Asker: 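Please find one structure pasted underneath; my questions will follow.
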Amino acid sequence: MKAAVYYSLDNIMIENLPVPKIGPQEVLVQMKACGVCGSDLMEWYIKNRVPLVLGHEPSGIIVKVGSKVKGFEVGEHVFAHHHVACLTCRFCLQGAYTLCEQFSKTHLEPGGFAEYFKIPRLNLEIDTLKIPSDVSFESATLIEPVGCCLRALKKAEVQPSDSAVVVGAGPSGSILTILLRLFGAAQIIVSDFIDYRLEVAKDLGADLLVNPERESLIDVIKKATDGRGADIVIVTAPTVNGYLTGLELCRKGGTLCIFAPTRPEDFLRLSPNKLFFSEIKLVPSYSTSHIETRVALNLIKTKRLDTKSLITHTYPLERTSEAFRKAALDKECVKVVVLND
Ligand SMILES: [Zn+2]
Ligand SMILES: [Zn+2]
């Protein structure tokens with residue numbers, strides 16, 4: 001089978017790999033669509049694991065079912081989550097599924113950017129969702145990223161009537177914009193350096209758009225909130241500057257949601273004095289669990305979340321390298337999806 005093997009961001013090769021063999025409790029899926037995630041573009045995050053097949057936002061059709069599999073059949077359309085928690089450890093029992101030891105050890109094989117992938121037993125049992133016929137494979141690739149955004153907004157305890165700022169209008173920033181509307185935020189302000197992305201954010205329901213190259217984000221937020229600052233700031237841009245700005249934008253007692261990781265060697269200088277007297281809460285949110293993926297599918301199925309305006313570019317599997325270049329370098333795009341027709 002063909003698979004896109006990642007060596008580095010500028011070296012992704014289409015190679016021939018064996019079709020994964022399945023055990024009695026596993027299934028084989030023909031990939032139909034797989035989203036390119038922001039984390040797929042972070043070379044520092046991937047470089048110790050190369051070469052590998054990336055892709056953790058896949059959907060497809062079951063083509064082979066192990067002899068002991070119950071509840072799944074050949075021909076069914078599915079989304080498969082790449083990481084699943086054990087459900088019984090101390091983290092899981094407290095609902096912190098993404099911190100579970102098992103979570104990051106579980107994987108689809110070899111990954112979503114391949115003609116076929118295998119769903120291991122645990123992933124199949126805990127977080128493989130059947131996609132109804134009126135949900136397209138492309139739309140289903142958004143289940144995982146929407147899940148990540150849902151979890152962040154739940155953790156940040158967004159309240160109806162909040163003023164919310166989204167720093168960075170890439171795929172996650174755009175999904176957060178839609179979800180903030182659904183959560184009842186009164187005012188959604190989106191900032192990005194790329195005008196194309198701001199235009200999309202406007203269509204998705206952002207109230208105010210800011211390109212910090214042209215105007216001061218802090219001035220806009222102060223003006224929009226009677227000088228207080230925003231109730232919630234979600235930083236999706238993985239830079240120290242993004243977080244420094246985010247802190248400045250938060251009101252006293254507000255929440256700064258850490259949605260994207262910076263490089264491990266990057267540090268933020270924080271003043272405990274300022275944090276103490278402002279009572280700003282720092283809320284990191286890593287990945288998503290089987291709880292939010294089900295909600296995400298429901299939002300997509302009921303069209304509460306419009307996937308059409310989010311997916312701006314698609315590429316065939318053979319051109320995965322171009323898809324990555326578009327998402328990483330060009331940036332005149334929101335969600336980029338790789339297809340296998
Ligand atoms: Zn992702
Ligand atoms: Zn666990």
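Note that ligands are numbered from 1 as they come in the structure, with each ligand's atoms numbered from 1 the same way. It should be emphasised that the depicted structure is a prediction, and the values quoted were computed from it without experimental measurement.
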Asker: Can you check whether H290 reaches L129 side chain to side chain, under 4.5 Å on heavy atoms?
Answerer: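 Side chain of H290 against side chain of L129, heavy atoms only: no contact under 4.5 Å found.
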
Asker: Taking only residues two or more places apart in sequence or in another chain, which ones pass side-chain contact (heavy atoms from CB on, under 4.5 Å) with T255?
Answerer: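 A156, K281, V283.
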
Asker: Within 45 degrees of the axis of the six-membered ring of F72 and under 6.0 Å from its centre: does K130 put its NZ or CZ there?
Answerer: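 Cation-pi check for K130 and F72: passes.
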
Asker: From the Zn ion (ligand 2), how many protein N/O/S atoms are found at a distance short of 2.8 Å?
Answerer: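 If we list every protein N, O or S atom nearer than 2.8 Å to the Zn ion (ligand 2), we get 4.
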
Asker: Measure centre to centre between the rings of F324 and F113, then say whether the value is under 6.0 Å.
Answerer: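 Aromatic pair counts; centres sit under 6.0 Å.
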
Asker: Is it possible for you to check whether R49 lies under 6.0 Å from the centre of the six-membered ring of Y45, through NZ or CZ, and within 45° of that ring's axis?
Answerer: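 Ring-cation test returns yes.
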
Asker: So, C148 and the Zn ion (ligand 1): N/O/S under 2.8 Å, yes or no?
Answerer: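 Short answer: no, not a single N, O or S atom is under the cut-off.
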
Asker: To check your reading of the site, what angle at the Zn ion (ligand 1) do OE2 of E57 and OE1 of E144 form, to 10°?
Answerer: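 Seen from the Zn ion (ligand 1), OE2 and OE1 are separated by roughly 80°.
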
Asker: Scan for ring pair (Phe, Tyr, Trp, His ring centres under 6.0 Å) pairs involving residues 122-146, sequence neighbours excluded, and state none if there are none.
Answerer: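 Residue pairs passing ring pair (Phe, Tyr, Trp, His ring centres under 6.0 Å), neighbours aside: H77-F137.
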
Asker: Once side chain to side chain donor-acceptor pair (under 3.5 Å) is applied, do any residues pair with E144, and if so which ones, sequence neighbours excluded?
Answerer: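 Testing E144 for side chain to side chain donor-acceptor pair (under 3.5 Å), a comparison that skips the adjacent residues, returns none.
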
